[in-house]
Visitor: 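Please find one structure pasted underneath; my questions will follow.
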There are 2 protein chains.
Amino acid sequence: MAFHKKEEFTQKEQDLANFAKAMSHPARIAILKVLAQRNECICGEIVDILPLAQSTVSQHLKELKNAGLISGTVDGPRSCYCINWKAFEKFNNEFTSLFNNLKVKNEKACC
Amino acid sequence: MAFHKKEEFTQKEQDLANFAKAMSHPARIAILKVLAQRNECICGEIVDILPLAQSTVSQHLKELKNAGLISGTVDGPRSCYCINWKAFEKFNNEFTSLFNNLKVKNEKACC
DNA sequence: ATCTTATATCGCAAATATACGATTAATGTG
DNA sequence: CACATTAATCGTATATTTGCGATATAAGAT
């Protein structure tokens with residue numbers, strides 16, 4: 001049975017969906033907020049702030065990293081995470097423009 | 001075992017995450033695109049366009065509706081969907097401002 | 001009244017995501 | 001070198017998502 005039909009959509013649709021997926025959990029939103037509020041790379045205090053176990057936080061960080069939204073360098077006993085603003089902005093723009101272009105035409109004709 | 005820790009985050013974080021979740025599948029992005037490209041409410045041709053079964057499309061529509069991103073009126077044998085631009089814009093703005101505010105300070109100090 | 005058409009819903013199977021504790025790995029400290 | 005600290009990874013349980021076929025529903029057409 002052919003599950004997993006995601007590949008049948010355009011690359012852009014998939015990329016955008018992956019970005020959204022990375023943002024689709026409040027823990028990951030919270031992590032990004034913590035990272036954003038810092039002027040420097042944060043070194044692991046995220047676990048103390050979030051109501052989640054260390055392994056769970058680590059997993060969320062991994063997902064954000066896979067999505068390209070954060071970058072992290074492991075340095076032995078401590079690691080250093082910060083937001084990848086470039087990637088973030090790229091997705092945010094794509095996301096916004098996807099609909100804003102069409103909005104003006106559409107908005108009046110709606111039910 | 002206490003699963004489902006999502007409630008332990010702020011309402012705003014949860015709302016934003018739910019919005020992102022609604023956008024986290026390429027099929028739903030594609031549906032929104034189809035709806036946006038129309039000047040009128042679309043009446044069910046979405047199934048013909050997407051590579052998914054009718055029941056699956058119906059489910060995705062339901063999720064978009066639950067998230068408040070589209071509105072749909074069922075009228076017997078046909079239904080009428082269109083994008084809820086107001087809700088969409090609200091989320092999009094929240095989403096953008098969440099990080100843009102903090103970006104200026106942060107961007108230089110990053111690793 | 002029966003048939004057709006369009007769509008929602010139900011029931012199920014498979015895949016993913018979420019969470020945690022235990023373990024491992026890597027480095028710095030006594 | 002033994003030990004503490006920090007974070008990644010593994011194994012596992014549970015929950016959620018995704019997808020489809022079958023069925024139900026609702027209205028128009030014949």
Side-chain angles (χ1 to χ4, degrees), chain A residues 1-9 13-14 17-31 34-35 41-67 69-82 111, chain B residues 1-9 13-14 17-31 34-35 41-67 69-82 111:
Chain A
M1 244 164 273
F3 264 70
H4 212 238
K5 289 227 167 176
K6 290 181 185 174
E7 310 86 33
E8 300 192 24
F9 295 90
E13 282 161 359
Q14 289 182 58
N18 282 337
F19 167 61
K21 184 180 250 164
M23 307 281 298
S24 76
H25 195 289
R28 293 195 284 272
I29 305 261
I31 288 173
V34 172
L35 290 177
C41 276
I42 200 166
C43 296
E45 296 127 68
I46 301 167
V47 178
D48 301 326
I49 298 167
L50 299 202
L52 295 169
Q54 180 267 320
S55 57
T56 308
V57 172
S58 197
Q59 218 174 331
H60 282 305
L61 284 165
K62 195 182 173 186
E63 275 164 74
L64 287 169
K65 205 174 169 181
N66 285 343
L69 292 182
I70 64 173
S71 59
T73 44
V74 188
D75 185 30
R78 64 193 57 222
S79 63
C80 203
Y81 285 107
C82 54
C111 47
Chain B
M1 243 165 274
F3 261 70
H4 215 238
K5 289 226 167 176
K6 289 180 186 175
E7 309 87 33
E8 300 193 25
F9 295 89
E13 281 161 1
Q14 289 182 57
N18 283 337
F19 168 61
K21 184 180 251 164
M23 307 280 298
S24 75
H25 195 288
R28 292 195 285 272
I29 304 262
I31 288 173
V34 172
L35 290 176
C41 277
I42 200 166
C43 297
E45 296 127 70
I46 301 167
V47 178
D48 301 325
I49 299 167
L50 299 201
L52 295 169
Q54 180 267 321
S55 57
T56 309
V57 172
S58 196
Q59 218 174 331
H60 282 305
L61 284 165
K62 196 182 174 186
E63 275 165 74
L64 287 169
K65 205 174 171 182
N66 284 342
L69 292 182
I70 64 174
S71 60
T73 44
V74 189
D75 184 30
R78 64 192 59 220
S79 65
C80 203
Y81 285 107
C82 54
C111 47

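Since we're looking at a predicted model, the values are computed, not measured. Values below: every heavy atom of this structure, side chains too, minus hydrogens, waters and symmetry copies.
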Visitor: Whole angstroms only, please: what is the CZ-P distance between A:R78 and D:dA4?
Guide: 17 Å
Visitor: Would you please name every residue forming a side-chain contact (heavy atoms from CB on, under 4.5 Å) with A:K62, sequence neighbours left out?
Guide: A:N66
Visitor: One pair to check against side-chain contact (heavy atoms from CB on, under 4.5 Å): A:Q59 and A:S55. What are the steps and the verdict?
Guide: CA-CA 6 Å; A:Q59 218 174 331; A:S55 57; 5.9 Å; no
Visitor: Could you work out, with side-chain contact (heavy atoms from CB on, under 4.5 Å) as the rule, every residue matching A:P51, not counting sequence neighbours?
Guide: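 For A:P51, the residues satisfying side-chain contact (heavy atoms from CB on, under 4.5 Å) (neighbours in sequence not counted) are B:E8, B:F9.
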Visitor: Give the rounded distance in Å between these two atoms: NZ of B:K6 and P of C:dT18.
Guide: 6 Å
Visitor: Using a 4.0 Å heavy-atom cut-off to protein, can you give one letter per nucleotide of nucleotides 21-30 of chain C, 5' to 3': B if the base is in contact, S if only the sugar-phosphate is, - if neither?
Guide: BB---SS---
Visitor: Let me spell it out: for each of A:C43 and A:F9, pick the nucleotide of DNA chain D with the closest heavy atom. Which residue's pick is nearer the 5' end?
Guide: A:C43
Visitor: Which whole-number value in Å describes the distance from B:E7 CD to C:dA19 P?
Guide: 9 Å
Visitor: Which heavy atom of A:I29 sits nearest a heavy atom of A:M23, and at what distance?
Guide: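 In terms of heavy atoms, the two residues are closest at CD1-O, 3.4 Å.
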Visitor: Counting N and O atoms only, with roles assigned by atom type, does the side chain of B:K65 sit under 3.5 Å from a partner on the main chain of B:G72, one being a donor and the other an acceptor?
Guide: yes
Visitor: Applying side chain to side chain donor-acceptor pair (under 3.5 Å), can you list everything that pairs with A:E63, at least two apart in sequence or on another chain?
Guide: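 Applying side chain to side chain donor-acceptor pair (under 3.5 Å) to A:E63 gives A:R28.
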Visitor: Check DNA chain C against residues 18-30 of chain A and give the residues with a non-hydrogen atom under 4.0 Å, in numerical order.
Guide: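 Contacts with DNA chain C under 4.0 Å: A:K21, A:H25, A:R28.
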Visitor: Whole Å only: how far is the NZ atom of A:K62 from the C1' atom of D:dT6?
Guide: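 Going from A:K62 (NZ) to D:dT6 (C1'), I get 17 Å.
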Visitor: Could you state the CG-P distance from B:L61 to D:dT18, rounded to the nearest angstrom?
Guide: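 My rounded result for the distance is 13 Å.
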Visitor: Could you check how far CD1 of A:I49 sits from P of D:dT6, rounded to whole Å?
Guide: 14 Å
Visitor: Which pair of non-hydrogen atoms, one from A:K6 and one from A:K21, has the smallest distance, and what is that distance?
Guide: NZ-NZ, 3.0 Å
Visitor: So what does A:Q59 touch, heavy atoms closer than 4.0 Å: a base, only the sugar-phosphate, or nothing?
Guide: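 Here A:Q59 touches the bases of the nucleic acid.
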Visitor: Would you please confirm or rule out a distance under 4.0 Å between OP1 or OP2 of C:dA8 and any side-chain N or O of B:Y81?
Guide: yes
Visitor: Any side-chain N or O of B:K5 under 4.0 Å from OP1/OP2 of C:dC20?
Guide: yes
Visitor: Check B:A22 against B:L64 and note the closest heavy-atom contact, atom names and distance.
Guide: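 For B:A22 and B:L64, the tightest heavy-atom pair comes out as O-CD2, 3.9 Å.
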Visitor: Sort and list the pairs that fulfil salt bridge (Lys or Arg N to Asp or Glu O under 4.0 Å) and have at least one residue in residues 41-60 of chain A, not counting sequence neighbours.
Guide: A:R38-A:E45
Visitor: Whole Å only: how far is the CD1 atom of B:I70 from the P atom of C:dT7?
Guide: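 Checked: the CD1 to P distance equals 13 Å.
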Visitor: How close or far is atom P of C:dT16 from atom NE2 of A:H60, stated in whole angstroms?
Guide: 18 Å
